[in-house]
Amino acid sequence: MSLSLLGTGRSRVVRSIGAIALVVGSATGAVALGAGNASAAPPSAAPQVVPKPVSTTVGVGQFSLTSKSRVVVGSADATAVGADLAAYLRPATGYQLPLVSGGAHAGDITLQVGKPAALQPDTTGEGYVLDATPSKVTVTATTSHGLYDAVQTIRQLLPVWIDSPTLEPGPWTIPSVHIVDYPRYAYRGVMLDIARHFQTPAAVMSLIDQASAYKVNTLHLHVSDDQGFRIVINGFPNLTDIGSIGSVGTDGRTMDPGGFWTQADYKAVVAHAAAHFMTVMPEVDSPGHNNAIIMSEYNDTTNPLLNGHPQDINCSANNPPQWNFSGDVGYSALCPESQNSFTIYNAIISQLSAMSTSPYYHLGGDEVPSSILTQDRYASFINQEVPLVNAQGKAAMGWAELAGPGTNPGPGSVAEYWNPASGSSADTVTAHEAVAKNMKIVMAPANHAYLDQKYVAGRNGNIPPTLGLSWACNRGCDVDQFYNWDPGAYVDGVTDQNVMGVEGAMWGETVVNLSNIDYMVFPRLIALAEVGWTPQAERTSGYSDFLTRLAPQGARLTLAGTNFYPTPEVAWQLDVAAAAQIPLINGQVSGSVASLSAPGIAASNITASINWGDGTTSAGTVDGTAATSATVNGLYTINGAHTYGHPGAFHVTITVSATGTPSATTTTTLKWHR
Ligand code: TNX
């Protein structure tokens with residue numbers, strides 16, 4: 001019995017051994033409280049956690065979170081994360097979940113900082129040990145970051161509806177499990193380009209919320225490129241007054257709207273990231289990808305910080321410079337001979353560094369053709385810029401060209417390898433140059449890590465039609481391409497000794513808003529999060545194992561309002577939950593009876609049937625909008641109408657079906673007292 005209940009235990013496939021209806025509370029007579037549902041436990045007891053933990057041992061039975069449960073924090077350094085945990089769990093459960101210290105009671109979740117022997121191999125401090133038994137859940141981690149990582153695991157051990165922003169009926173169970181977990185790589189990043197298309201701080205915070213749920217720990221913000229400069233820099237008002245006027249033109253427009261953040265906006269994003277245990281690393285590309293800076297400062301002759309002749313910063317193809325809001329690259333550069341270049345850069349580097357939490361500052365360094373700057377002049381620029389970065393207490397990171405001939409990227413510097421080339425290809429040269437310069441490497445080969453590449457391209461189609469590029473993925477890069485590679489064995493001679501981590505890069509040429517971004521980022525970033533976290537040996541159980549664990553993330557993203565591409569590689573599931581409160585007034589029900597997550601399935605292809613528990617069954621209607629590249633993969637509502645002939649307690653069963661997907665069911669009890 002207990003074993004058959006391991007797993008999420010609700011809204012699952014109908015191959016049930018009988019539904020369990022829990023009656024929660026009693027109604028006032030006018031309103032019936034929907035109750036717990038839970039059709040069958042899934043046949044496999046393995047918890048569906050992404051990224052997959054280092055080791056997971058499933059025990060017997062399950063823990064139940066109840067209205068009496070508390071979050072027990074063992075010490076002050078666990079308090080903030082304990083508060084996060086309670087805040088994650090309150091909306092869907094409706095439980096108070098008070099934060100307390102002292103001994104744990106049955107039903108409590110305890111977070112404590114300690115040094116479990118099992119975490120000896122963890123060099124990052126992000127590891128944790130999680131024990132769930134039928135009576136309690138206990139987490140021990142060496143740092144509060146480890147506790148936070150464990151909290152993300154706890155969320156995934158609970159049924160998917162825990163991520164609902166509104167009350168859900170439960171039950172809220174966690175399988176008995178012993179998890180020892182820590183990351184493979186210290187650096188697991190997501191890059192967002194807010195230069196090609198301006199994005200609001202709120203959009204970036206939303207990305208932080210979702211990325212951190214998969215233990216991504218670095219937000220790399222690309223805040224400047226040819227088409228825009230996005231952060232106010234004191235002393236250089238033109239950088240935003242002029243530099244932020246536009247974004248890459250899409251949809252037949254020459255230019256899309258621009259925008260910029262104040263320093264207060266930037267600090268708010270950094271604080272939001274810190275609260276999610278993510279550091280923020282800014283990037284202002286250099287010496288190329290610089291047209292917005294050049295357009296801003298070329299005529300800034302009266303700026304007292306410059307020498308009156310700022311035109312000498314311009315080494316671009318065009319002199320004087322001109323705006324170009326297309327996605328062109330490789331035509332702009334700042335001159336390494338101009339003191340003004342470094343006066344401007346010093347202001348940018350010092351102000352952004354002071355506001356940023358990452359130990360790294362990303363100075364770009366990519367794609368400067370030798371026709372614009374020779375390698376000597378490129379290296380000269382880098383070698384003058386690196387000391388400015390180091391003077392702020394930051395190590396330099398850059399695209400892997402940074403490691404090229406003549407550069408001196410400085411102590412602790414990191415090369416971000418973007419080239420798709422692998423193995424012994426001659427095009428892997430930048431990775432070897434980085435190793436030769438004792439640099440660490442962040443792996444982001446474009447054909448495995450560029451989130452702006454189309455899912456399906458070229459001869460197989462063009463998905464999504466209006467978003468994405470295909471230069472690195474000329475047949476498209478779906479989730480498999482993001483999952484099936486090993487950063488420590490990608491380039492011959494570059495091993496985990498050299499690799500510091502992985503990063504997904506969301507370039508902004510084609511993505512206009514958060515919904516567009518989310519559609520390109522998810523679910524592929526989740527694959528990269530596992531590549532960066534899970535030991536390679538644990539991933540050899542294969543891609544299908546990953547896809548099984550990815551499937552429930554569809555409902556979690558949907559519930560969070562996060563758009564995503566419902567790739568056909570994943571057997572997305574129907575997840576249905578009875579409404580927590582179904583109004584039953586004078587024997588009549590009319591309106592929403594359940595919520596449904598059905599990634600990639602149009603409402604018109606879903607049927608719902610409601611067995612009212614009094615001998616009648618009627619069809620429900622399915623309302624909501626399926627995802628497109630511009631709308632969130634919607635949560636559907638099941639509506640129904642029924643009139644009972646007499647008072648009583650009625651066991652209601654709601655079943656949803658769609659071709660090609662196992663149907664799902666949920667049960668609830670309606671009570672009508674006269
Ligand atoms: C390459 S590779 C770029 C970006 C573009 C991106 C588009 C590299 C470091 N830079 O400037 O936005 O391709 O996919």
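Both ligands and their constituent atoms are indexed starting at 1 by order of listing.
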| said: Would you say that Met255 contacts Gln227 through its side chain, given a criterion of any heavy-atom pair below 4.5 Å between the two side chains? | reply: no
Considering only protein heavy atoms, which is closest to [atom], and at what distance to one decimal place?
atom                    : value
atom 11 (O) of ligand 1 : Arg196 NH2, 3.0 Å
atom 2 (S) of ligand 1  : Tyr450 OH, 3.0 Å
atom 3 (C) of ligand 1  : Glu367 OE1, 3.5 Å
atom 10 (N) of ligand 1 : Asp366 OD2, 3.1 Å
atom 5 (C) of ligand 1  : Glu509 OE2, 3.3 Å

Within the 4.0 Å heavy-atom shell around [X], which atoms of ligand 1 are there?
X      : result
Leu469 : 7 (C), 14 (O)
Gln453 : 14 (O)
Trp418 : 2 (S), 9 (C)

| said: For the 3.5 Å polar cut-off, considering only N or O atoms, please tell me whether Asp452 and ligand 1 meet it. | reply: yes
| field | Full working for salt bridge (Lys or Arg N to Asp or Glu O under 4.0 Å) between Asp486 and Arg184 | value | CA-CA 11 Å; Asp486 178 356; Arg184 174 178 181 183; 2.7 Å; yes
| request: Go through the steps for Ser326 and Asp328 under the test side-chain hydrogen bond (donor to acceptor under 3.5 Å, both in side chains), then give the verdict. | output: CA-CA 5 Å; Ser326 76; Asp328 290 354; 3.2 Å; yes
| Who pairs with Trp507 by ring pair (Phe, Tyr, Trp, His ring centres under 6.0 Å), at least two apart in sequence or on another chain? | His222, Trp399, Tyr450
| query | Can we say Arg230 and Asp265 salt-bridge, meaning some charged N sits less than 4.0 Å from an Asp/Glu carboxylate O? | reply | no
| request: Test Phe564 against every option in Tyr519, Phe522, Trp572 by the ring-ring contact (aromatic ring centres under 6.0 Å, His included) rule and name the one that passes. | output: Trp572
| said: With the threshold set at under 4.0 angstrom, would you say His289 reaches ligand 1 through any of its heavy atoms? | reply: yes
| Among Arg549, Lys52, Arg539, Arg188, side-chain hydrogen bond (donor to acceptor under 3.5 Å, both in side chains) partner for Glu530 | Arg549
